[in-house]
Enquirer: 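Before I ask anything, here is the structure I am working with.
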Protein chains: 2
Amino acid sequence: MSEEIQQEICPLTVTQNAIAGRWKIVILWHLSQNEMIRFNELLKMLPGISKGILTRQLRELEVDELVHREVYKVVPPKVEYSLTELGQKFIPVLEAMQVWGKDLLNKKIEMYEKLED
Amino acid sequence: MSEEIQQEICPLTVTQNAIAGRWKIVILWHLSQNEMIRFNELLKMLPGISKGILTRQLRELEVDELVHREVYKVVPPKVEYSLTELGQKFIPVLEAMQVWGKDLLNKKIEMYEKLED
DNA sequence: CAGAATCCGAGGGGATACTG
DNA sequence: CAGTATCCCCTCGGATTCTG
C-alpha cells in the first residue's frame with residue numbers, strides 16, 4: 001500500500017512512468033521539433049516502428065496529457081499530433097538527455113579510435 | 001540494419017536504453033544524493049524492490065558505466081555503489097525530470113482540489 | 001489515411017530459496 | 001552481507017489483417 005503511495009508522490013517515479021515505452025522519448029523529440037505532425041509522417045520518422053505500436057504509444061502519451069491529438073473530420077482522415085503545455089514543459093528533460101547521450105557517444109568514439117592504434 | 005545504426009547513433013536513443021528499467025532512475029537519484037551506498041541500504045531506500053532485481057539493475061548500470069561497484073574483501077561482505085563520472089554527468093537529467101514531475105504532481109493536486117468544490 | 005483487433009514471443013519484473 | 005539460481009507471470013513490442 002505504502003509502495004503505491006510512493007509510486008504516486010515521487011516526482012521521479014511519475015516521470016519515469018510517463019516516459020516508459022520504447023518510442024516515447026523519440027516521439028516527444030520529433031513533436032518538439034515540428035509543432036504538428038500527421039500520423040504517417042511520424043511513422044516515417046521512426047524507422048522500425050509499426051503502426052499499431054505507434055498508435056499505442058501516442059494514446060498513452062495522450063492519456064498522460066503530454067500529447068494533443070487533433071482530428072479533422074475529412075475524407076481521407078487527417079490527424080495531427082502536437083505537444084500539450086505539459087509536453088512542452090518536458091523539453092528541458094529531452095535537452096538534458098541529448099547532452100548526456102552525445103557525451104556518451106563521444107566517449108565511445110574515443111574508445112574505437114584507441115583500438116585502431 | 002539501418003535501424004540498428006539509428007539505435008546506436010541517436011543520442012536520445014542511447015540515453016533511453018541506458019535508463020530503461022523500472023528502478024534505474026530512482027537508483028541513480030539516491031546515488032546522486034549519497035556519494036556511496038551499500039547494497040542493503042539501497043534495498044531499504046527502494047520499498048517494493050527485491051534483491052534479485054536490485055542486483056540486476058545495478059549490474060546493468062555498471063555495464064553502461066553509470067555506476068561503480070566497489071567490493072571490499074571482508075567478512076561479512078561489504079559492497080559500496082557510487083556514481084561514475086558518466087553517472088554524475090547524468091544528474092542534470094535527473095534534475096530536469098524532477099522539476100517536470102513536481103509540476104505534474106502540482107497539476108494533479110489542483111485537480112483534486114477542484115473536485116472538492 | 002489513420003487507425004482497430006488479434007495474436008504471438010521475448011524478456012523483464014517479482015518471489016522464493018540457497019550460499020560464501 | 002550481498003549476492004546467485006530458479007521459476008513464474010504478465011506486460012510490452014511487434015507482425016499481420018481488417019476497416020470507415
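Note on naming: letters A, B, ... go to the chains in the order of the sequence lines (proteins, then strands), and numbering restarts at 1 for each one.
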Enquirer: I'd like a list of close polar pairs between nucleotides 6-11 of chain D and the protein, N/O only, cut-off under 3.5 Å.
Expert:
none

Enquirer: In terms of the angle between their ring planes, are A:F90 and B:W100 parallel, tilted or perpendicular, with boundaries placed at 30° and 60°?
Expert: perpendicular
Enquirer: Between D:dA2 atom C1' and B:L54 atom CG, what is the distance in whole Å?
Expert: 10 Å
Enquirer: Is there a donor-acceptor pair closer than 3.5 Å between any side-chain N or O of B:Q16 and the backbone N or O of A:G21?
Expert: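 Here the side-chain-to-backbone pair exists.
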Enquirer: List, by chain and number, the other hydrophobic cluster members for B:L115, where Ile, Leu, Val, Met, Phe, Trp and Tyr join if side-chain heavy atoms come within less than 4.5 Å, directly or indirectly.
Expert: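 So far as hydrophobic clustering goes, B:L115 is joined with B:Y112.
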Enquirer: Round to a whole Å and report the spacing from CD1 of A:I49 to P of D:dG14.
Expert: 7 Å
Enquirer: Would you confirm whether B:K24, through its side chain, and B:A20, through its main-chain N or O, come within 3.5 Å as a donor-acceptor pair?
Expert: yes
Enquirer: Looking at every strand, decide which applies to A:Q57 at a 4.0 Å heavy-atom threshold: base, sugar-phosphate, or nothing.
Expert: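 The answer is sugar-phosphate, as A:Q57 gets under 4.0 Å only of primed atoms, P, OP1 or OP2.
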Enquirer: Taking five pairs at each end of the helix from C:dC1-D:dG20 to C:dG20-D:dC1, what angle separates the two helix axes (nearest 10°)?
Expert: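 Axis-to-axis angle, ends of the helix: 50°.
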Enquirer: Determine the minimum heavy-atom distance between B:T84 and B:H68, stating which atoms define it.
Expert: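 Looks like CG2-N, 3.6 Å.
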Enquirer: Output the rounded distance in Å from CG (B:L58) to C1' (D:dG3).
Expert: 11 Å
Enquirer: Given side-chain contact (heavy atoms from CB on, under 4.5 Å), test B:L42 with B:L58 step by step and report yes or no.
Expert: CA-CA 10 Å; B:L42 210 39; B:L58 284 169; 4.0 Å; yes
Enquirer: Side chains of B:L28 and B:V67: closer than 4.5 Å at any heavy-atom pair?
Expert: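 Side chain of B:L28 against side chain of B:V67, heavy atoms only: contact under 4.5 Å found.
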Enquirer: Please list, by residue number, the residues of residues 66-80 of chain B whose heavy atoms come closer than 4.0 Å to an atom of DNA chain C; answer none if no residue qualifies.
Expert: B:P77
Enquirer: Taking for each residue the nucleotide of DNA chain C bearing the nearest heavy atom, is the 5' side occupied by A:E41 or by A:G52?
Expert: A:E41
Enquirer: Over how many whole Å does the gap from A:R59 atom CZ to D:dG13 atom P extend?
Expert: 15 Å
Enquirer: Does B:Q57 reach the main-chain N or O of B:W23 with its side chain, forming a donor-acceptor pair under 3.5 Å?
Expert: yes
Enquirer: Quickly work out the A:K51 NZ to D:dA15 P distance and round it to whole Å.
Expert: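 One finds 14 Å between P of D:dA15 and NZ of A:K51, rounded.
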Enquirer: Looking at every non-hydrogen atom in both residues, tell me the closest pair between A:V26 and A:L46 and how far apart they are.
Expert: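 What the structure gives for the nearest pair is CG1-CD2, 3.8 Å.
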Enquirer: Walk along DNA chain C from 5' to 3' and tell me the first and last nucleotide with an atom closer than 4.0 Å to a non-hydrogen atom of chain A.
Expert: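 Answer, 5' to 3': C:dC1 to C:dA4.
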Enquirer: Which ILVMFWY residues are connected to B:V63, directly or by a chain of links, through side-chain heavy atoms under 4.5 Å apart?
Expert: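 Cluster partners of B:V63: none, it stands alone.
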Enquirer: Does the side-chain contact (heavy atoms from CB on, under 4.5 Å) test come out yes or no for A:L83 and A:I91, once each step is laid out?
Expert: CA-CA 10 Å; A:L83 291 185; A:I91 294 179; 4.1 Å; yes
Enquirer: Would the distance check show the side chain of B:T15 and the main-chain N or O of A:M97 forming a donor-acceptor pair, the cut-off being under 3.5 Å?
Expert: yes
Enquirer: I need the CG-P distance between B:L43 and D:dG3, as an integer number of Å.
Expert: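 So the two atoms are 11 Å apart, to the nearest Å.
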Enquirer: Please determine whether side-chain contact (heavy atoms from CB on, under 4.5 Å) holds for the pair A:I27 and A:L54, giving the CA-CA distance in whole Å, both sets of side-chain angles, and the decisive distance to 0.1 Å.
Expert: CA-CA 9 Å; A:I27 290 172; A:L54 178 55; 3.8 Å; yes
